[in-house]
Amino acid sequence: MKPPTLALDEIQGDVLEGLQKNIENFVFFKIINSVYFKTLIKQYVVSRVTSAEQVNNWGTIIRRRKGFVQARSDRFHGLNLGFSHNGLTQLIRAGLPKLDPAFDRGADHQDTIKALNDPPRSTWLKEFVADRIDGVFLVTGPDRPSVTLHSNEVLRLLGASIKVVYSEIGNTRPGAERGHEHFGFLDGVSQPGIRGLTESSDPRYRPGQGLPGQDLLWPGEFVFGYSGQDPYDPVKKGSSPPMAASWLRNGSYMVFRRLEQKVPEFRKFVAEQAARLGMDRELLAARMVGRRRSGAPLELAPLHDNPALGADATRNNDFEFGDDPFQRRCPYAAHIRKAYPRDDTASAAEVERHRIIRAGIPFGPEVAPSETTTRHSRGLMFVCYQTSIERQFEFIQKNYANNPDFVPGKKRPGAGGAVVPGFDPIIGQAPGNSARRMDEPFPNYPAGSRRTTLAIPEQFVKLTAAAYFFMPSITALRTVLTS
Ligand code: N7H
């Protein structure tokens, strides 16, 4: 099957590949004077926006350097720019066509909050909700001083045409925790492969996969202007997602969620519940996530960690859930089994229509030994990309993570009856912030029939701000959006 040709010089760098980042500044702004703003963006900013092609070139340079000299990703700075529905309305004077319904509504709309069981806007960060948010700059780089310098430079160029509503810096965790999120788990392990971008590591025997287990998807799932997935066949090319206007081409929707993580509370809960269940606490935490801290998937390391497996990109995604019909290795409700059920539902093709590309970064300080209840705000600046927020991010949150009946149709072994898998214990949210349950925290592996439930009285991941953006192509930034 012929891979599509992607216009990488048109697509913003964070969308498909991710800007290289130790540090990322999220600058949320309001447009004060749209005429000046357009002129200044066109004149000074567009040329600084980092494309996927540039990210690719950096990647090559870094890989080459790794082979010869010391890896030095530290020179690279990235800049990307997105607009909310309000922002686009300011820029397109002729009027905005109907876009993705979720995007048009916005993350802070009552209906969105209700549909996702999100905490009310009144509980979000005060500064974030203090004013209208029209757009966001993502400024990335190796260290805080240089990222701050770059951010200030962009803000200086835009002068009084915008007002910063809120900004916050995300940072990868230090030392051995690098690449791990604040609960301690390796993140960024599984991402969809993209046809036309991700190469197959085994073109002869696994042409439909990038790395082993990484299904290749048609790019229209993530970027406008290309074929997406066929709804009935996971391999076949489907139609291109509808484009309400031609300037959507090579653009993507971004979901931003500032998710605070209650780390000491999570640890305490896991320790108490592991003691109650008579099991290892590391195993309980892993059964909530579906992977070990090292990244090793429970499907391949059901009882003991295997750090070599976790670190091996050729093996750490090479599994399905279909071989684990009674959740003996990995609970149905575990975060990764909910968020990407692989072959666990009636239709593998359908599952691939609800994928996202994740590009988040942790924020906040490390937990000090004395911090036994959360005193400092920390968590994940969650970011994901897609061509339909409704069918991708919102579907995962609402129909999978928040839905105790998903995956449906599972039975206990023998004549044990139907299973209610429960909520995703990491990101699932129950109506009114009420308590959640998850089935089978204790492993019946390799055999056994001990029935256990995990009652989770509080959220360890709490939404404190959210917004939806559109990341336009470089050409759209240079033309339609700034003329
Ligand atoms: Fe999740 N965690 O540490 O527990 N996530 N996530 N996520 N997540 C994943 O594969 C985590 C969040 C997905 O392809 C891993 O990269 C935390 C939201 C998807 O097999 C870990 C938070 C949504 C995958 C975590 C959080 C998702 C995934 C395994 C919030 C979307 C890929 C490492 C604070 C609604 C599944 C990896 C696959 C993986 C964690 C948020 C979705 C460790 C702490 C909001 C699709």
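The model shown is predicted, which means the values in this text are computed figures rather than measured ones. Counting convention: from 1, in listed order, for ligands and their atoms alike.
Near Arg291, meaning under 4.0 Å from any of its heavy atoms, are these atoms of ligand 1: 10 (O), 29 (C). Near Ile396, the atoms of ligand 1 lying under 4.0 angstrom from a non-hydrogen atom of the residue are 35 (C). Residue Gly188 approaches ligand 1 through these ligand atoms, each under 4.0 Å from one of its heavy atoms: 16 (O), 37 (C). Interface of Phe393 with ligand 1, defined as ligand atoms under 4.0 Å from a residue heavy atom, comprises 35 (C). With ligand atoms numbered from 1 in the order given, ligand 1 contributes 4 (O), 43 (C) to contacts under 4.0 Å with heavy atoms of Val289.
Here salt bridge (charged side-chain N to carboxylate O under 4.0 Å, His left out) pairs that include residues 274-286, with residues two or more places apart or in two chains, are Glu282-Arg293. Residue pairs meeting the salt bridge (charged side-chain N to carboxylate O under 4.0 Å, His left out) criterion with at least one partner in residues 190-214, sequence neighbours excluded, are Arg206-Asp318.
With salt bridges taken as basic N to acidic carboxylate O contacts below 4.0 Å, none links Glu350 and Arg353. For the pair Arg391 and Glu221, the salt-bridge criterion is met [side-chain N within less than 4.0 Å of a carboxylate O]. Comment: Asp215 does not engage Arg342 in a salt bridge, judged by the lack of any side-chain N to carboxylate O separation of less than 4.0 angstrom. Residues Lys410 and Asp344 are paired through a salt bridge, judged by an N-O separation under 4.0 Å between the basic side chain and the carboxylate. Using a cutoff of 4.0 Å between basic side-chain nitrogens and carboxylate oxygens, Arg451 and Asp439 are not scored as salt-bridged. Taking 4.0 Å as the cut-off between side-chain N and carboxylate O, Arg328 and Glu440 do not count as a salt-bridged pair.
Looking only at protein heavy atoms, the nearest one to atom 22 (C) of ligand 1 is Leu380 CD2, 3.8 Å. Considering only non-hydrogen protein atoms, atom 43 (C) of ligand 1 sits nearest to Phe185 CB, 3.4 Å. Atom 14 (O) of ligand 1 has its closest protein heavy atom at Ser190 OG, 2.5 Å. Of all protein heavy atoms, the one closest to atom 20 (O) of ligand 1 is Arg342 NH2, 2.9 Å. The protein heavy atom nearest to atom 37 (C) of ligand 1 is Val189 N, 3.2 Å.
Neither the backbone nor the side chain of His182 has a heavy atom within less than 4.0 Å of ligand 1.
A donor-acceptor contact closer than 3.5 angstrom links the side chains of Asn22 and Arg178.
Aromatic ring pairs are classed by plane angle as parallel below 30°, tilted from 30° to 60° and perpendicular above 60°; the pair Phe269 and Phe460 is tilted.
Checked against a 3.5 angstrom limit, the closest N/O atoms of Tyr340 and ligand 1 fall outside it. Residue-to-ligand polar distances keep Leu186 apart from ligand 1: every N/O pair is separated by 3.5 Å or more. Between Arg257 and ligand 1, a contact under 3.5 Å exists for no N or O pair.
In this structure, the salt bridge (Lys or Arg N to Asp or Glu O under 4.0 Å) partners of Arg378, at least two apart in sequence or on a different chain, are Glu371.
Residues Ile113 and Pro120 come closest through the heavy atom pair CG2-CA, 4.4 Å.
In the candidate list Arg355, Gln214, Gln261, Lys398, Gln261 is nearest to atom 34 (C) of ligand 1, counting heavy atoms.
Take a cut-off of 2.8 Å around atom 1 (Fe) of ligand 1: the protein N, O or S atoms inside it are His335 NE2.
Of the candidates Phe406, Phe395, Tyr340, Phe393, His354 forms a ring pair (Phe, Tyr, Trp, His ring centres under 6.0 Å) with just one, namely Phe395.
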